[in-house]
There are 2 protein chains.
Amino acid sequence: MRRDVFQAIADPTRRAIIALIALQAMTPNAIAEHFDTSRQAVSKHLQILVECQLAKQEQQGREIFYQLDVAKMKEIDKWLEQFRKIWEDRFNQLDTIFSNIKQNKP
Amino acid sequence: MRRDVFQAIADPTRRAIIALIALQAMTPNAIAEHFDTSRQAVSKHLQILVECQLAKQEQQGREIFYQLDVAKMKEIDKWLEQFRKIWEDRFNQLDTIFSNIKQNKP
DNA sequence: TAATTACGCAACCGAACGATTGCGCGTATA
DNA sequence: TATACGCGCAATCGTTCGGTTGCGTAATTA
């Protein structure tokens, strides 16, 4: 079973859940009301998010509040870092090319 | 068939391919040499990457060179933006929200 | 105390995924 | 011109995914 951050954000419903619990802690029932799926389906998504540490759970009586663990989101950001460097370099290269064209340098 | 950027980067092999073709354009055979899978498997991955515009292909004789389309990577970055705001601005407030829930403060 | 509520867990099902194998087609090379 | 090469496409197969349904359990409420 693959359970990493990238697999977790692959599902659109899961991304929507992430957006919800990013703002405030919510219970599975409260979350499920925002979708056309059952509570159990949402619970499964939450379980996956907890499993790869994208969400924290906090029990309160018979309710369980889920909230996004922002720290883990940085892992995606960290992975993007290598490409961010490239797409900035590419832009710089384009600039230099353009500059060279302007200055008639090959 | 789900075919968006997030689904594309979900697979670890595909992420490795992305890292390869980010540096330079490569042929399917050349890419496949870096992995334990067949050329056809790599070709399938490349097809998915092209499909969601994460890669461009450039035919040259009987060879086809694939290279990363950095622009599309920004889509992920754009999605991360909303959470980046949270983890930078509200990092400390998140704990307060949790505490308030415990104490039944809205 | 009995009924209700909130939830996780397990079984199950159809669809999608990732990989392999076996082609056919165009391009290079002898 | 015959052969080898690079590639995409289609069929196939086992596995995983996302969903539903049906429970069991613990906490609340009547």
Side-chain angles (χ1 to χ4, degrees), chain A residues 1-21 24-69, chain B residues 1-21 24-69 98 101-104 106:
Chain A
M1 230 175 247
R2 277 191 289 107
R3 282 293 142 85
D4 57 26
V5 191
F6 298 98
Q7 210 270 337
I9 64 166
D11 185 72
T13 307
R14 220 138 51 210
R15 284 201 301 280
I17 292 177
I18 287 175
L20 276 177
I21 64 174
Q24 58 177 327
M26 293 178 75
T27 66
N29 263 328
I31 296 170
E33 282 174 7
H34 289 76
F35 303 99
D36 285 338
T37 65
S38 64
R39 173 190 57 83
Q40 282 89 339
V42 171
S43 240
K44 268 192 172 185
H45 284 305
L46 288 170
Q47 197 178 332
I48 292 173
L49 294 179
V50 168
E51 203 173 318
C52 58
Q53 300 175 323
L54 266 175
K56 293 175 184 172
Q57 39 185 336
E58 186 103 2
Q59 185 119 18
Q60 192 177 336
R62 64 180 167 182
E63 291 176 318
I64 302 179
F65 287 85
Y66 289 84
Q67 186 159 25
L68 184 70
D69 187 353
Chain B
M1 231 175 245
R2 277 189 290 107
R3 283 292 143 88
D4 57 24
V5 191
F6 297 99
Q7 210 271 336
I9 64 166
D11 184 71
T13 306
R14 220 138 50 209
R15 284 201 301 279
I17 292 177
I18 288 176
L20 276 178
I21 64 174
Q24 58 178 326
M26 294 178 75
T27 65
N29 263 328
I31 296 170
E33 283 174 8
H34 288 76
F35 303 100
D36 284 338
T37 64
S38 64
R39 173 190 58 83
Q40 281 90 339
V42 171
S43 239
K44 267 193 172 184
H45 285 304
L46 288 170
Q47 196 178 333
I48 291 173
L49 293 179
V50 168
E51 203 172 318
C52 58
Q53 301 175 323
L54 267 175
K56 293 175 184 172
Q57 40 186 337
E58 184 109 1
Q59 185 120 17
Q60 196 174 331
R62 65 180 166 181
E63 291 176 317
I64 302 179
F65 287 84
Y66 290 83
Q67 185 160 24
L68 184 70
D69 188 352
F98 253 119
I101 288 168
K102 283 183 190 172
Q103 299 159 25
N104 286 330

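Chain A is the first sequence line, chain B the second, and so forth, proteins listed ahead of strands; every chain is numbered from 1.
Atom-to-atom, CD1 of Ile9(B) to P of dG18(C) comes out at 13 Å; the value is rounded to the nearest Å. As rounded to whole Å, 9 Å separates atom C1' of dT27(C) from atom CD of Gln59(B). If you take CD of Glu58(B) and C1' of dC7(D), they are 16 Å apart, rounded to a whole angstrom. The CD-C1' distance, from Glu51(A) to dG18(D), rounds to 15 Å in whole Å. Across the protein-nucleic acid pair, Gln57(A) atom CD and dG8(C) atom P stand 7 Å apart, rounded to whole Å. The nearest whole Å value for the distance from the CZ atom in Arg3(B) to the P atom in dC17(D) is 16 Å. Residue Phe65(B) contributes atom CZ, which lies 16 Å from atom P of dT27(C) at whole-angstrom precision. Distance Ile17(A) CD1 to dG19(D) C1': 13 Å, rounded to the nearest Å.
Between Thr27(B) and dC7(D) there is a side-chain polar atom (N or O) within less than 4.0 angstrom of OP1 or OP2. Here Arg14(B) reaches the OP1 or OP2 of dG18(C): one of its side-chain N or O atoms lies under 4.0 Å away. At least one side-chain nitrogen or oxygen of Ser38(B) sits closer than 4.0 Å to the OP1 or OP2 atom of dT20(C). Remark: Asn29(A) is not in phosphate contact with dT5(C), judged by side-chain N or O atoms under 4.0 Å from OP1 or OP2. Put simply, Gln7(A) has a side-chain N or O that comes within less than 4.0 Å of OP1 or OP2 on dC17(D). At dC7(D), none of the side-chain N or O atoms of Tyr66(B) fall inside 4.0 Å of OP1 or OP2 (strictly under the cut-off).
The residue among Gly61(A) and Thr13(A) whose nearest nucleotide of DNA chain D lies closer to the 5′ end is Thr13(A). Take the nearest nucleotide of DNA chain C for Ile64(A) and for Thr37(B): the residue whose nucleotide is more 5' is Ile64(A).
Salt bridge present: Arg15(B) and Asp4(A) bring a charged side-chain N and a carboxylate O closer than 4.0 Å.
A donor-acceptor contact under 3.5 Å is formed by the side chain of Arg39(A) with the base of dG8(C). Under 3.5 Å, the side chain of Arg62(A) and the base of dC7(C) form no donor-acceptor pair of N or O atoms.
A heavy-atom distance below 4.0 Å to DNA chain C is reached by these residues of residues 40-49 of chain B, ordered by number: Gln40(B), Ala41(B), Lys44(B), His45(B).
The only option from Ile18(B), Leu68(B), Asp69(B) that meets the side chain to side chain contact (heavy atoms under 4.5 Å, CB included) definition with Leu49(B) turns out to be Ile18(B).
Separation of atoms CD1 (Ile48(B)) and CD1 (Ile17(B)) is listed at 9.5 Å; rounding is to 0.5 Å. Ile64(B) contributes atom CD1, which lies 9.5 Å from atom CG of Leu46(B) (distance to the nearest 0.5 angstrom). Interatomic distance, Thr13(B) OG1 to His45(B) NE2, rounded to the nearest 0.5 Å: 5.0 Å.
In this structure, the side chains of Gln57(A) and Gln59(A) stay at 4.5 Å or more apart for every pair of heavy atoms. Using a 4.5 Å heavy-atom cutoff, the side chains of Tyr66(B) and Val42(B) are not in contact.
Proximity of a side-chain donor or acceptor of Arg14(A) to a complementary backbone N or O of Ile9(A) within less than 3.5 Å is not detected.
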